[in-house]
Amino acid sequence: MKLFRRMKKINFYSGPAILPPEVVVKAGEAIQNFAGTGLSILEISHRSKEFIQVMEEARNLVRELMDLDKDHEVLFLQGGASSQFYMVPMNLLGKDETACFLETGQWAHLAMEEALTFGKAHIACSSKEENYRFIPKNISLPDSSKYLHLTTNNTIYGTQLTTSFISQLAAQSSWLVADMSSDIFSRQMDFNQFDLIYASAQKNVGAAGITIVVVNKNILGTVDRPIPKMLDYRLHIERDSMYNTPSSFAVYISYLTLKWIKQQGLKAIEERNIRKARKLYEVIDSSKIFEGTADDEDQSLMNVCFTIKDKSLEEKFLKFTSERGIVGIKGYRTVGGFRASIYNAMPEDGVDILVDAIKEFENKQA
């Protein structure tokens, strides 16, 4: 429990989310004096050699952690993952071409709606009628589809695509596009099988304000529409993510977090994430008053979603956990219940505290 003796709250928010303590400390130091410059990271020029080094090293860390081949480029862009909902089809989808979507949650649905602005969209599968509680496996992909878009982890509903299923989809699709906002760098996988990956930073890779984009440069330049410069991946590649003034502080936080991820190692991070999730799912599955919302085979390692059978006890449980320093477990506003987001930076003892609280609350009700 050493970490939480130094913390006032145990943060299960889904995003902006928990950061490694050492990242917070180093970020605080950089606000006072960045890299010995005598200036704050908040005020230093993005064209200074000190910040350019941060941007270059951050991009290289992504490349190293993903073991990317020479065809994949790494970008740090502004606007959040929601901006990629339109930026992806603007760059990849012609007006008479079709993009396919795994409709596994709200964010996947919004990405599909944006694609209709630029071309055609086909729902390859959907679990919408079942409130997105599972990942559908019967996929319908027309031969003419330009790319397949998937959301690897669904924060609202607590479901996640397995790495084996993703590999199956990669083998079936022409180009594979993935929104990895809530599980990037949480597990090992073949990242080169994706033609485009995007992920907002504020869950596993830093603070809100930037989005990491990994794109196979060979898929660009295939549409004939004019693309505004700020939305053209090719220009951002050419300018090393420095076409305009970047979100410097957010990039720096990601740089620190990526260094932390490298130090931990993806294998160790994945193993720890599995242990954390298993602890929570086991206590929920064995409970008489709580129950999980996602099908067992599709349960997320990042967002454990559950409900209480007696809805009148919801606020009582939230108050009970809050008194123990646990925050951020209220479910998404459209679905209710509870959600424990256990991203990379959440240590196992944080999960242990929540597990103990669930057990203690149930015993009190009994």
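Side chains included, hydrogens not; waters and symmetry mates left out as well; all remaining heavy atoms used. The shown structure was predicted, so the numbers you read here are calculated from the model rather than taken from an experiment.
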S.K.: For the residue pair Thr245 and Gln78, what are the closest heavy atoms and their distance?
M.R.: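 That closest heavy-atom pairing would be O-NE2, 2.7 Å.
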S.K.: Is a salt bridge present between Glu323 and Lys319, judged by a nitrogen-to-oxygen distance below 4.0 Å?
M.R.: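 Between Lys319 and Glu323 there is a salt bridge, with a charged N closer than 4.0 Å to a carboxylate O.
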S.K.: Hey, is the main chain of Gly80 close enough, under 3.5 Å, to the side chain of Thr211 for a donor-acceptor pair?
M.R.: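 Yes: the side chain of Thr211 pairs with the backbone of Gly80.
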S.K.: Any donor-acceptor pair under 3.5 Å linking the side chain of Arg272 with the backbone of Glu348?
M.R.: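 Absent.
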S.K.: In terms of relative ring orientation, are His149 and Phe101 parallel, tilted or perpendicular, with 30° and 60° separating the classes?
M.R.: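 Rings of His149 and Phe101: tilted, 30 to 60°.
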S.K.: Could you tell me whether the side chain of Arg59 and the main chain of Glu73 form a donor-acceptor pair under 3.5 Å?
M.R.: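 Looks like no, no N/O pair under 3.5 Å.
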S.K.: Between Ile31 and Ile41, is any pair of side-chain heavy atoms under 4.5 Å apart?
M.R.: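 Yes. Closest side-chain heavy atoms under 4.5 Å.
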S.K.: Step by step, work out the side chain to side chain contact (heavy atoms under 4.5 Å, CB included) result for Asn154 and Ile135.
M.R.: CA-CA 10 Å; Asn154 299 287; Ile135 304 295; 3.8 Å; yes
S.K.: Measuring only between side-chain heavy atoms, which start at C-beta, is Tyr281 closer than 4.5 Å to Asp296?
M.R.: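 Contact flag for Tyr281/Asp296 side chains = no.
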S.K.: Under 3.5 Å, is there a donor on one side chain and an acceptor on the other for Tyr343 and Asn303?
M.R.: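 Short answer, yes.
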S.K.: Can you spot which of Lys309, Lys359, Glu362 makes a side-chain hydrogen bond (donor to acceptor under 3.5 Å, both in side chains) with Ser287?
M.R.: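 Looking at Lys309, Lys359, Glu362, the match for Ser287 under the side-chain hydrogen bond (donor to acceptor under 3.5 Å, both in side chains) is Glu362.
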S.K.: Taking atom types as modelled, find out whether Ser186 and Asn344 have a side-chain donor-acceptor pair closer than 3.5 angstrom.
M.R.: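 Short answer, no.
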S.K.: Considering residues, nucleotides and ligands other than Asp69, do more than 12 of their heavy atoms fall under 6.0 Å from its CG?
M.R.: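 Yes, because the 6.0 Å sphere around CG of Asp69 holds more than 12 heavy atoms from other groups.
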S.K.: Regarding Lys267 and Glu271, does a basic nitrogen lie under 4.0 Å from an acidic carboxylate oxygen?
M.R.: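 Here Lys267 pairs with Glu271 in a salt bridge, since their nearest N and O are under 4.0 Å apart.
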S.K.: With side chains defined as the heavy atoms from C-beta onward, is the minimum distance between Leu301 and Asp183 less than 4.5 Å?
M.R.: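 Of all side-chain heavy-atom pairs linking Asp183 with Leu301, none is under 4.5 Å.
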S.K.: Between Glu57 and Lys259, does at least one N-O distance fall below 4.0 Å, as a salt bridge requires?
M.R.: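 Salt bridge absent between Glu57 and Lys259.
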S.K.: Is Ser200 reaching over with its side chain to a backbone N or O of Gln202, donor-acceptor style, under 3.5 angstrom?
M.R.: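 Flag not set: sc Ser200 to bb Gln202 has no pair under 3.5 Å.
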S.K.: Taking everything shown except Lys311 itself, do over 12 heavy atoms lie less than 6.0 Å from its NZ?
M.R.: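 For Lys311, atom NZ is crowded (more than 12 foreign heavy atoms under 6.0 Å).
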S.K.: Checking Asn153 against Ser182 for the side chain to side chain donor-acceptor pair (under 3.5 Å) test, could you report, in this order, the C-alpha distance in whole Å, the side-chain angles of both residues, the deciding distance, and whether it holds?
M.R.: CA-CA 6 Å; Asn153 184 77; Ser182 54; 2.9 Å; yes
S.K.: Counting only N and O atoms by type, is there a donor-acceptor contact under 3.5 Å from the side chain of Thr151 to the main-chain atoms of Asp179?
M.R.: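 Looks like no, no N/O pair under 3.5 Å.
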S.K.: Linking I/L/V/M/F/W/Y whenever their side-chain heavy atoms sit closer than 4.5 Å, directly or via other members, would Ile156 and Ile284 fall into one cluster?
M.R.: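 Different hydrophobic clusters.
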S.K.: With a 3.5 Å distance limit and no angle check, can you tell me whether Ser322 reaches the backbone of Leu318 through a side-chain donor-acceptor pair?
M.R.: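 No: the side chain of Ser322 does not pair with the backbone of Leu318.
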S.K.: Any side-chain heavy atom of Lys217 sitting closer than 4.5 Å to one from Arg234?
M.R.: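 A side-chain contact under 4.5 Å is absent here.
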S.K.: Donor-acceptor check, side chain of Lys146 to backbone of Leu92, threshold 3.5 angstrom: yes or no?
M.R.: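 Answer holds: yes.
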S.K.: Would Asp356 and Arg324 satisfy side chain to side chain contact (heavy atoms under 4.5 Å, CB included), going step by step from the backbone distance to the final call?
M.R.: CA-CA 10 Å; Asp356 290 343; Arg324 284 149 182 79; over 6 Å; no
S.K.: Has the side chain of Asp285 got a donor or acceptor atom that lies under 3.5 Å from a matching backbone atom of Gly292?
M.R.: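 Looks like no, no N/O pair under 3.5 Å.
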S.K.: Please check if atom NZ in Lys279 has more than 12 non-hydrogen atoms from other residues, nucleotides or ligands closer than 6.0 Å.
M.R.: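 Counting other residues, nucleotides and ligands, NZ of Lys279 exceeds 12 neighbours.
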S.K.: Show your working on salt bridge (Lys or Arg N to Asp or Glu O under 4.0 Å) between Asp232 and Arg239 and close with a plain yes or no.
M.R.: CA-CA 11 Å; Asp232 193 330; Arg239 302 292 178 85; over 6 Å; no
S.K.: With the side chain counted from C-beta on, respond yes when Phe185 and Val62 share a heavy-atom pair under 4.5 Å apart, and no when they do not.
M.R.: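 Yes, side chains in contact.
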S.K.: For a quick check under 3.5 Å, do Gln168 and Gln172 share a side-chain donor-acceptor pair by atom type?
M.R.: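 Side-chain D/A pair, Gln168 to Gln172: absent.
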S.K.: Is there a donor-acceptor pair under 3.5 Å between the side chain of Asn11 and the backbone N or O of Tyr13?
M.R.: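 Checked: pair present.
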S.K.: Report yes or no: do Leu68 and Ile184 belong to one cluster of Ile/Leu/Val/Met/Phe/Trp/Tyr joined by side chain heavy-atom distances under 4.5 Å?
M.R.: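 Yes; tracing contacts between hydrophobic side chains, which count when under 4.5 Å, links both residues.
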S.K.: Is there a donor-acceptor pair under 3.5 Å between the side chain of Glu130 and the backbone N or O of Ser127?
M.R.: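 Not at all, since once roles are kept as given, no pair shorter than 3.5 Å links the two residues.
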S.K.: Please determine whether residues Val54 and Trp260 belong to a single hydrophobic cluster, defined as Ile, Leu, Val, Met, Phe, Trp and Tyr linked transitively by side-chain heavy-atom distances below 4.5 Å.
M.R.: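 The answer is yes; both residues are in one hydrophobic cluster.
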S.K.: Any heavy-atom pair between the side chains of Ile210 and Val251 that's under 4.5 Å?
M.R.: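 With C-beta onward as the side chain, the pair touches.
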S.K.: Could you check whether the rings of Phe338 and Phe290 sit parallel, tilted or perpendicular, using 30° and 60° as the cut-offs?
M.R.: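 Ring orientation, 0 to 90° scale: perpendicular.
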S.K.: List the steps and the verdict of side chain to side chain contact (heavy atoms under 4.5 Å, CB included) for Ile237 and Leu220.
M.R.: CA-CA 11 Å; Ile237 290 171; Leu220 302 177; 3.7 Å; yes
S.K.: Which is it for Thr37 and Glu50 under the side chain to side chain donor-acceptor pair (under 3.5 Å) test, yes or no, and what are the steps along the way?
M.R.: CA-CA 8 Å; Thr37 60; Glu50 290 85 2; over 6 Å; no
S.K.: Pairs under 3.5 angstrom only: tabulate donor-acceptor contacts from the side chains of residues 110-117 to other protein residues two or more places apart or in another chain.
M.R.:
unit_1, atom_1, unit_2, atom_2, d
Glu113, OE2, His109, NE2, 3.1
Thr117, OG1, Glu114, O, 3.2

S.K.: Filter on ring-ring contact (aromatic ring centres under 6.0 Å, His included), then keep only pairs touching residues 32-88, sequence neighbours left out; what's left?
M.R.: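 Found Phe34-Tyr252.
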S.K.: Taking it one step at a time, do Phe165 and Asp298 satisfy side chain to side chain contact (heavy atoms under 4.5 Å, CB included)?
M.R.: CA-CA 11 Å; Phe165 185 51; Asp298 299 320; over 6 Å; no
S.K.: Under 3.5 Å, is there a donor-acceptor pair between the Thr155 and Lys203 side chains?
M.R.: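 No, no side-chain donor-acceptor pair sits under 3.5 Å.
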S.K.: Atom NZ of residue position Lys137 - does it have more than 12 heavy atoms of other residues, nucleotides or ligands inside 6.0 Å?
M.R.: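 More than 12 heavy atoms, drawn from other residues, nucleotides or ligands, come within 6.0 Å of this atom.
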S.K.: Should Leu148 and Val223 be regarded as members of a common hydrophobic cluster, given that ILVMFWY residues are connected when their side-chain heavy atoms come within less than 4.5 Å of each other, either directly or indirectly?
M.R.: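 Result: no, two separate clusters.
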S.K.: Any chain of hydrophobic side-chain contacts (each under 4.5 Å) joining Ile289 to Val304?
M.R.: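 As far as the 4.5 Å side-chain criterion goes, Val304 and Ile289 are connected within one cluster.
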S.K.: With no hydrogens and no angle check, do the side chains of Ser14 and Arg339 hold a donor and an acceptor under 3.5 Å apart?
M.R.: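 Arg339 and Ser14 do have a side-chain donor-acceptor pair below 3.5 Å.
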